[in-house]
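Note that this is a predicted model, so its numbers are computed, not measured. Labels below follow one simple rule: chain letters A, B, ... track the order of the sequence lines, proteins then strands, and each chain is numbered from 1. Note: hydrogens, waters and symmetry copies are ignored here, and every other heavy atom, side chains too, is used.
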There are 2 protein chains.
Amino acid sequence: MEEKSISDIIEEYLKQILGESSQIEIRRSEIANHFDVVPSQINYVIKTRFTIQHGYLVQSKRGGGGYIRIERVNLLDNVDVLNSLIQAIGDSISERDAYDIVRTLYDEKLLTRREGDLMLVALSKQTLNVNDCNVEARLRARILISMLNRLRYES
Amino acid sequence: MEEKSISDIIEEYLKQILGESSQIEIRRSEIANHFDVVPSQINYVIKTRFTIQHGYLVQSKRGGGGYIRIERVNLLDNVDVLNSLIQAIGDSISERDAYDIVRTLYDEKLLTRREGDLMLVALSKQTLNVNDCNVEARLRARILISMLNRLRYES
DNA sequence: TAAAATTTGGTCAAGATTAGTCAAGAAATT
DNA sequence: AATTTCTTGACTAATCTTGACCAAATTTTA
């Protein structure tokens, strides 16, 4: 609510800019300077909050004129994006990453809250309750991909 | 009658704040400090008094900027139906029986078509893909029961 | 043009900050 | 007296912050 971490604030800032155009290019050091953090914190924010699971593609370039480009994408509409998402899932996915994907679909209004919650409880560690974490993650991947494919065909 | 425990007092305090907005975010250490108890007592209060059976959803985040979020939800009045279904499922259920339950809920208009389909793909033999049939049936039961529990409340 | 210098972003690990778990003992209730 | 509930704290886990070191691209210089 009130005491947000600086990472949360940087996330909001970037998303606010992204609200105006669907793609932005930033200079890492500028953002870091603006929020008075070390440059690698920007990498941390991007790595934890702007993944494909969240519905973002990120590209970057080093050297003079370097940049970090963040692009907002649609997970289900675009076949390429959906494929890269399924590729990112692979045959195994953590509870956290699965949660992020469902959350993104909900944010994009592709799921109702009830549908999203039904998916989340089916993917939760508590429900799956498998001793072996690898087995659990593989099972979660199968369930999630099955559900995504169902959504894909029905939309 | 008797003295209130400190857990009761913390419960009242949280519910009072929840009376103003249907969702609150607290910092565990702040509440613990305010009532002069160890932090884990807050977990105890939440675990015993803010369960889904009581009509609350709880989420949390650790690390800097961490929080515990408590949300009040509206319990629906079809709880009895769901309870008896959960009873009937027990700790194991076949694909066929699970299908029938979902179908029944759909016919009773407790599920939309999409919700029902999402449940079915998550419960199918093909998705679960577990060698041992008993293990599979127990896993299916856990998933179905978790989903039915989600249907107990709205929004 | 090739090497060197400069300018950018990337990785990783240690430390800090927050919440979660569990079990033992105390207190209350039956 | 037995059982249940509450309280406490040691240990665990997740997340965030920082900085040293690495890699790539461009620009400058020999």
Side-chain angles (χ1 to χ4, degrees), chain A residues 1-14 23-54 56-71 93-100 103 124-126 129 131 133 136-137, chain B residues 1-14 24-54 56-71:
Chain A
M1 273 259 209
E2 58 290 331
E3 320 264 333
K4 286 174 181 147
S5 68
I6 187 68
S7 288
D8 290 334
I9 294 169
I10 295 171
E11 174 191 4
E12 276 180 10
Y13 174 76
L14 295 176
Q23 174 176 311
I24 60 174
E25 271 180 21
I26 60 172
R27 180 143 301 176
R28 188 179 75 153
S29 58
E30 272 182 11
I31 304 294
N33 207 52
H34 185 274
F35 290 101
D36 196 30
V37 297
V38 295
S40 62
Q41 177 124 25
I42 309 305
N43 296 84
Y44 176 76
V45 171
I46 287 173
K47 199 171 142 196
T48 54
R49 292 150 161 89
F50 291 88
T51 65
I52 184 63
Q53 289 88 350
H54 290 99
Y56 297 93
L57 291 179
V58 177
Q59 296 173 303
S60 64
K61 202 175 91 170
R62 308 185 192 189
Y67 57 81
I68 299 177
R69 179 188 302 147
I70 306 176
E71 182 186 2
I93 188 172
S94 69
E95 182 178 34
R96 174 58 184 273
D97 284 344
Y99 178 93
D100 288 341
R103 173 73 201 212
S124 78
K125 190 178 194 70
Q126 188 179 14
N129 190 33
N131 279 331
C133 274
E136 174 195 316
Chain B
M1 231 191 314
E2 293 83 11
E3 303 273 318
K4 282 176 184 156
S5 68
I6 186 67
S7 288
D8 290 333
I9 294 170
I10 295 170
E11 174 190 5
E12 278 179 8
Y13 174 76
L14 294 176
I24 60 173
E25 270 179 21
I26 60 172
R27 180 144 299 176
R28 188 178 75 152
S29 58
E30 273 182 11
I31 304 294
N33 209 52
H34 186 275
F35 291 100
D36 197 31
V37 297
V38 294
S40 62
Q41 177 123 24
I42 310 306
N43 296 86
Y44 176 76
V45 172
I46 286 173
K47 201 171 146 194
T48 55
R49 292 151 161 89
F50 291 88
T51 66
I52 185 57
Q53 285 79 13
H54 292 107
Y56 296 94
L57 292 181
V58 177
Q59 294 176 301
S60 64
K61 199 171 88 169
R62 307 184 193 187
Y67 57 80
I68 299 177
R69 178 187 303 146
I70 306 177
E71 180 186 2

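Using a cut-off of 4.0 Å between Lys/Arg side-chain N and Asp/Glu carboxylate O, A:Arg49 and A:Glu11 are scored as salt-bridged.
If you check distances only, the side chain of B:Ser40 does reach the base of D:dG9 with a donor-acceptor pair under 3.5 Å.
Distances were taken from every side-chain heavy atom of A:Val38 (C-beta onward) to each of C:dG20, D:dC6, D:dG19; the shortest belongs to D:dG19. Checking D:dT7, C:dG9, C:dG20 against every side-chain atom of B:Ser5, the shortest atom distance belongs to D:dT7. Distance from the side chain of B:Val37 is smallest to D:dT8 among D:dT8, D:dT18, C:dT8. In the set C:dG10, D:dT8, D:dC6, the nucleotide with an atom closest to the side chain of A:Ser60 is C:dG10. Among the nucleotides D:dA25, D:dT17, C:dA19, the one closest to the side chain of B:Arg28 is C:dA19. Closest to the B:Tyr44 side chain, of the nucleotides C:dT8, D:dT18, D:dC6, is D:dC6.
A:Gln126 and A:Ser124 are not linked by any side-chain donor-acceptor pair at a separation below 3.5 angstrom, with hydrogens and angles left out of the test.
Contact check, B:Arg62 against D:dT12: no side-chain N or O comes under 4.0 Å of OP1 or OP2. Side-chain N/O atoms of B:Gln41 include one lying less than 4.0 angstrom from OP1 or OP2 on D:dT8.
The CZ atom of B:Arg27 sits 19 Å away from the P atom of D:dA14 (whole-angstrom rounding). When the C1' atom of D:dA13 is taken as reference, atom CG of B:Asn43 falls 13 Å away, rounded to whole Å.
Side-chain N or O atoms of A:Ser94 include one that pairs as donor or acceptor with a backbone N or O of A:Asp97 at under 3.5 Å.
Positionally, the nearest nucleotide of DNA chain D for A:Asp8 lies more toward the 5' end than for the other of A:Asp8 and A:Gly65.
For the pair A:Ile9/A:Tyr13, no side-chain contact is recorded, criterion being any heavy-atom separation below 4.5 Å from C-beta on.
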